[in-house]
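Comments concern the structure below.
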Amino acid sequence: MSLRTSRRLMGSLGLLLAGSSLFATVALAQEDTYPEKPVEFIVPWSPGGGSDTLMRLVSNHVEEYLGEPMPVINMPGVSGTTGLKELADRGADGYTVGQVHEGLLVAHHTDLTSLNWDDFDPVAAITNSPQYLTVNADSPWQTYQEFIDHAKENPGDVRVGVTLGGIPHVHAAMIEDIEDVSFRYVGFEGTGARIRALVGGHIDAAIGDIASSGEFVKNDDLRFLAVGTPERQEATPDVPTFKELGREALELSIVRGVVAPEGTPDARIQTLASAFEQLSKDDDFIQAVNNAGATVNFEGPEAFADYLERTNETVERLSGKLAK
């Protein structure tokens, strides 16, 4: 190789390295200023529902910590999958995020969508809506064990109201699975409809929460038998957890969180997660979420991914029960 050629190669290499360094510097500067415009927040459900209510609270409070607005865009349809398909098709630049909960996993394993949680980059879990096994106050069951004993002795006799193929169906199937009992399912479009049916005595049990059932419990129309959280809830201190009843596997809750299109730069995921973590310590936000019948339960990207993976395994295992 001639000296001239060698020098030319060395010069080209120097320019390449300089260019790479400049690119890295520009990229770093861009990350330091992210976000520079509003981050669109796709909520794949209609206005007024639980997800919309809670995620609008996130939207209303997070700007202080993110530095830019995060406007909610409702994209309902096909059990929450229409908006998530749109999210998956958006650019992975950190300027579009979306809300998910366990319903996506159910929709995937009941063949409503090919998308699953791992088609996105988890950002953070934000809220938790504890779910309760709920019965009519006139029922003979004062305890969870009495309820299970009756179900064991009378297979298929207990009428349980659920949203067929939805999260409440999964939760009821989890109880069936761990207790080796069989329920008779009655389908309802939403939580409100099945709780009203329970109050009216048209079904025997349902999965409820504070927002849908709390006032009925206070008025002695309904009774909570157990709650699916690790610890007893401040709003219902007399209601035992499934865990303390020896059923640690019964984690019954709706965890709502945020994901981004797959391939979103990690630095931007961390920026978003940091803003949500700060938000999770905001007293006004915490109170607003509590007033909506939920609790603030922040988990970062890795912990949220672990939760989704673990729950996905449960839903996949129970998918056969959901089809019945």
Side-chain angles (χ1 to χ4, degrees), residues 33-108 112-129 166-167 189-191 211 254-265 268-280 282 284-285 288-289 292-294 296-299 301 304 308:
T33 58
Y34 169 81
E36 297 181 296
K37 62 182 181 179
V39 177
E40 293 188 349
F41 189 11
I42 295 176
V43 174
W45 302 95
S46 300
S51 290
D52 177 69
T53 298
L54 290 169
M55 294 306 102
R56 285 186 183 277
L57 292 176
V58 172
S59 173
N60 292 342
H61 289 82
V62 76
E63 181 176 354
E64 176 182 351
Y65 306 104
L66 185 61
E68 290 286 346
M70 185 176 282
V72 166
I73 301 174
N74 293 98
M75 292 188 182
V78 196
S79 297
T81 62
T82 299
L84 292 176
K85 183 180 185 306
E86 172 67 21
L87 176 65
D89 292 338
R90 291 288 186 96
D93 58 4
Y95 285 103
T96 309
V97 296
Q99 178 257 320
V100 298
H101 57 40
E102 296 86 347
L104 171 60
L105 315 181
V106 180
H108 175 76
L112 279 178
T113 180
S114 61
L115 293 172
N116 204 354
W117 74 271
D118 52 2
D119 290 305
F120 302 95
D121 288 339
V123 176
I126 302 177
T127 66
N128 187 326
S129 297
I167 302 171
E189 278 299 311
T191 303
I254 296 178
V255 175
R256 292 178 171 91
V258 176
V259 296
E262 187 175 19
T264 299
R268 298 191 174 190
I269 294 289
Q270 295 301 327
T271 295
L272 291 164
S274 176
F276 290 132
E277 183 173 18
Q278 293 175 73
L279 174 65
S280 72
D282 184 308
D284 290 340
F285 175 69
V289 170
V296 175
N297 180 39
F298 172 81
E299 290 183 336
F304 188 30
L308 291 170

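Predicted, not measured: the structure shown is a model, and the values here were computed from it.
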What residues form a ring-ring contact (aromatic ring centres under 6.0 Å, His included) with [X], not counting sequence neighbours?
| X | answer |
| --- | --- |
| F41 | none |
| F298 | none |
| W117 | none |

Any side-chain heavy atom of [X] within less than 4.5 Å of one from [Y]?
| X | Y | answer |
| --- | --- | --- |
| S129 | L54 | yes |
| V58 | L279 | yes |
| P301 | Q270 | yes |
| Q278 | L66 | no |
| L115 | H108 | no |
| V78 | K85 | no |
| F285 | L57 | yes |

Minimum-distance pair of heavy atoms, taken over all atoms of [X] and [Y]:
| X | Y | result |
| --- | --- | --- |
| D118 | E262 | O-OE2, 4.1 Å |
| S51 | H101 | OG-CD2, 3.5 Å |
| G83 | I42 | O-CG2, 3.7 Å |
| A124 | F276 | CB-CD1, 4.0 Å |
| V97 | A260 | CG1-CB, 4.4 Å |
| S59 | P71 | OG-CA, 4.0 Å |

If I take atom [atom1] from residue [X] and atom [atom2] from residue [Y], how far apart are they, to the nearest 0.5 angstrom?
| X | Y | atom1 | atom2 | result |
| --- | --- | --- | --- | --- |
| D121 | I269 | CG | CD1 | 5.0 Å |
| I73 | T96 | CD1 | OG1 | 7.5 Å |
| T82 | N74 | OG1 | CG | 12.5 Å |
| E102 | R256 | CD | CZ | 8.5 Å |
| T113 | L104 | OG1 | CG | 7.0 Å |
| L272 | M70 | CG | CE | 5.5 Å |

Give a yes or no on whether the backbone of [Y] and the side-chain of [X] come within a donor-acceptor separation of less than 3.5 Å.
| X | Y | result |
| --- | --- | --- |
| T53 | G50 | no |
| D89 | E86 | no |
| N128 | V255 | no |
| Y34 | T271 | no |
| D93 | Y95 | yes |

For [X], enumerate each residue passing the salt bridge (Lys or Arg N to Asp or Glu O under 4.0 Å) test, keeping only those at least two apart in sequence or located in another chain.
| X | value |
| --- | --- |
| D52 | R56 |
| E40 | R90 |
| E63 | none |

By the definition side chain to side chain contact (heavy atoms under 4.5 Å, CB included), identify the one residue from D284, I126, N297, V296 that meets it with V289. V296
